[in-house]
Each structure stands twice: as structure tokens, then as C-alpha cells.
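What follows is one structure encoded as C-alpha cells, with my remarks underneath.
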Amino acid sequence: MNIFSNKGEKIYSITSPNTSYNNIKLKFEIKKPIINIFNGEETKYIISSEESTLSDNNKLLKLKGNVKLKTLKKDGDILYADNFIWNIEKTNYLLEGNIRFENQNIILNSGKAILDSDNIIEFFNPVKYIIKDENNNNKYEINSENAYYNLNTESVSFKAKDKRVKSIIYF
């Protein structure tokens, strides 16, 4: 299934081994979907999960269970979550439950995150950040209320209102 904007641009595509349409709830129920989100002609993200629903005239996509969002960068940034919600008319993606962002250098854990159109992931309280060394061992950890990871620059910043940002360095 391909979904296009009013201007005829492909927004996303969904493939699934099992899809049904619920006439009463007016939504698609999709098992084991693979979703490609596009930026122009290029695939920006590939998302998979156990199940999903597409409702509100193809404008609200909800994924549930073992959600995996992958960028197509060579470093292979991967964002894991229990749930993913995307209102197609907005450009933010909401991820909830057991959030884990991982690439070859870092791991960020949180309970909630928002990925916006500027490729910045905002992780919400509490956030645990781990830097890995060349042997894939923990080099140091940072705990914070909020963290912001920029997918373009591969940089992270931390903010805390009530508690201090806490760092642990391993020798």
C-alpha cells in the first residue's frame, strides 16, 4: 500500500503478510508491517513492528510491539520502542515504552521520545546515555532528565530542570 500527499508525493509505503480492513472502526489492521517513510524520492526511515493500525482516512499510523525504526545511514542508527504513533499531518513521531537508541558509538535509553522533522530525537525523563569504546565496553554513562540527539550531526546534549546531570567515567 502506498500513501501519497495531496500534491502526489509518496509519503510512505506499507508491506505486510496479513492486512485486514475493519468496516466498523474504519481502520486497517496490519500484522508484521514494514513501513518505508519517504523524503522526496528517497527512503528516510524503515520501520517494522508486530502489528499496526492505520485510521482516520490514512492519517493516523500506530505501531505496537517490538517497534524498530532504522535510518539508512552507513552507521545504522536504530531506534527501538514498544509503541510508535504518527499523525501523518504532523511531522513528529512519538515513541513510547522502553525506548532504546543505538548506533556503533552510543546507547540512549528512555521511556518516551519524539523524533521531529529536523532529525532531532528528544528523549524524556529519565534518560541514560552510554558511550561505548572500540571493544564495545561502556566508556562512560550520563543520567539526565532530558537528552537531545541530532541524527545529522551525531551530537547529543543534555538538560535537567530539577536534578543535575550525572556522569560516570570508567577507567
Side-chain angles (χ1 to χ4, degrees), residues 1-6 9-73 75-130 132 143-152 154 156:
M1 174 181 350
N2 293 314
I3 306 298
F4 295 88
S5 72
N6 292 335
E9 299 167 338
K10 190 187 285 188
I11 301 171
Y12 63 96
S13 67
I14 301 174
T15 57
S16 168
N18 184 354
T19 301
S20 61
Y21 186 74
N22 186 323
N23 286 327
I24 296 168
K25 296 181 181 178
L26 301 176
K27 67 180 181 180
F28 287 97
E29 295 171 349
I30 307 162
K31 302 294 183 198
K32 302 251 184 226
I34 297 175
I35 300 164
N36 289 291
I37 297 178
F38 293 92
N39 183 14
E41 297 292 318
E42 303 275 320
T43 300
K44 186 173 184 178
Y45 304 117
I46 298 174
I47 308 169
S48 61
S49 71
E50 294 297 319
E51 61 186 61
S52 68
T53 59
L54 181 60
S55 58
D56 294 336
N57 199 21
N58 300 336
K59 299 295 182 199
L60 184 63
L61 180 65
K62 294 182 179 181
L63 291 94
K64 184 177 179 181
N66 297 319
V67 177
K68 180 180 176 183
L69 183 147
K70 185 176 179 182
T71 66
L72 296 182
K73 295 168 50 173
D75 294 342
D77 298 329
I78 301 174
L79 190 55
Y80 301 95
D82 291 337
N83 300 297
F84 174 96
I85 301 169
W86 180 28
N87 181 333
I88 310 304
E89 294 176 342
K90 298 181 181 178
T91 56
N92 293 348
Y93 312 107
L94 173 65
L95 297 108
E96 297 177 316
N98 298 315
I99 310 298
R100 181 177 176 95
F101 174 79
E102 193 170 334
N103 64 23
Q104 67 188 77
N105 298 314
I106 67 165
I107 299 171
L108 266 159
N109 293 304
S110 177
K112 178 180 174 184
I114 294 176
L115 172 57
D116 69 19
S117 61
D118 294 331
N119 284 338
I120 296 176
I121 308 169
E122 180 177 2
F123 295 89
F124 294 92
N125 191 16
V127 176
K128 185 174 183 180
Y129 173 74
I130 301 170
K132 300 184 270 186
N143 294 304
S144 177
E145 288 181 21
N146 292 53
Y148 302 85
Y149 185 82
N150 187 320
L151 289 167
N152 296 331
E154 298 182 359
V156 66

| Any idea which heavy atoms bring D118 and N152 closest together, and the distance? | O-ND2, 3.7 Å
| Does T43 use its side chain to pair, donor to acceptor, with the backbone of Y45 at less than 3.5 Å? | no
| Matching residue for Y149 among F123, F101, Y129 - test: ring-ring contact (aromatic ring centres under 6.0 Å, His included) | F101
| Side chains of R100 and N98: does their closest heavy-atom pair fall under 4.5 Å? | no
| field | K90 atom NZ, neighbour heavy-atom count above 12 within 6.0 Å | value | no
| Lys/Arg cation over aromatic F124: K112, 6.0 Å, 45° cone | yes
| Are more than 12 heavy atoms from other residues, nucleotides or ligands located less than 6.0 Å from atom NZ of K70? | no
| request: Go through the steps to decide whether I120 and L115 satisfy the test side-chain contact (heavy atoms from CB on, under 4.5 Å), and finish with yes or no. | output: CA-CA 6 Å; I120 296 176; L115 172 57; over 6 Å; no
| query | Can you tell me if E96 and N83 form a side-chain donor-acceptor pair at under 3.5 Å? | reply | no
| said: With side chain to side chain contact (heavy atoms under 4.5 Å, CB included) as the test, pick out the partner of I14 among L61, I34, T19. | reply: L61
| Ignoring hydrogens and geometry, is there a side-chain-to-backbone donor-acceptor pair from N39 to E42 under 3.5 Å? | no
| Minimum side-chain heavy-atom gap D82-V67 below 4.5 Å | no
| said: The test is side-chain contact (heavy atoms from CB on, under 4.5 Å); show your working for N119 and K44 and say whether it passes. | reply: CA-CA 10 Å; N119 284 338; K44 186 173 184 178; 3.3 Å; yes
| query | Are any non-hydrogen side-chain atoms of I88 and I11 less than 4.5 angstrom apart? | reply | yes
| task | Kindly indicate, with the supporting measurements, whether the criterion side-chain contact (heavy atoms from CB on, under 4.5 Å) is fulfilled by I47 and F84. | result | CA-CA 9 Å; I47 308 169; F84 174 96; 3.6 Å; yes
| If you round to the nearest 0.5 Å, how far is OG of S110 from CD1 of I121? | 10.5 Å
| said: Whether the side chain of N103 engages the backbone of I106 through a donor-acceptor N/O pair (distance < 3.5 Å, no angle test) should be reported. | reply: yes
| remark: Here the pair of heavy atoms bringing K10 nearest to F38 is CD-CE1, 3.1 Å
| If every non-hydrogen atom of N92 is compared with every non-hydrogen atom of S117, which pair is closest and at what distance? | OD1-N, 4.0 Å
| message | For L108 versus A147, what's the shortest heavy-atom pair and its separation? | response | CD2-CB, 4.1 Å
| query | Taking it one step at a time, do K59 and L54 satisfy side-chain contact (heavy atoms from CB on, under 4.5 Å)? | reply | CA-CA 7 Å; K59 299 295 182 199; L54 181 60; over 6 Å; no
| query | What is the minimum heavy-atom distance between I99 and G111, and which atoms define it? | reply | CG1-C, 3.6 Å
| task | Tell me, yes or no, whether the heavy-atom count around N2 atom CG, taken from other residues, nucleotides or ligands under 6.0 Å, exceeds 12. | result | yes
| message | I'd like to check I46 versus I35 (side-chain heavy atoms, cut-off strictly below 4.5 Å). Are they in contact? | response | no
| task | For residues L63 and S49, report the shortest heavy-atom separation together with the two atoms involved. | result | CD2-OG, 3.2 Å
| task | Quick one: pull up OG1 in T71 and CG in L79 and give me the separation to the nearest 0.5 Å. | result | 9.5 Å
| Should the pair E50-K32 be classified as a salt bridge under the 4.0 Å nitrogen-to-oxygen rule? | yes
| Spatial distance of atom OH (Y21) from atom CZ (F28) [nearest 0.5 Å] | 6.0 Å
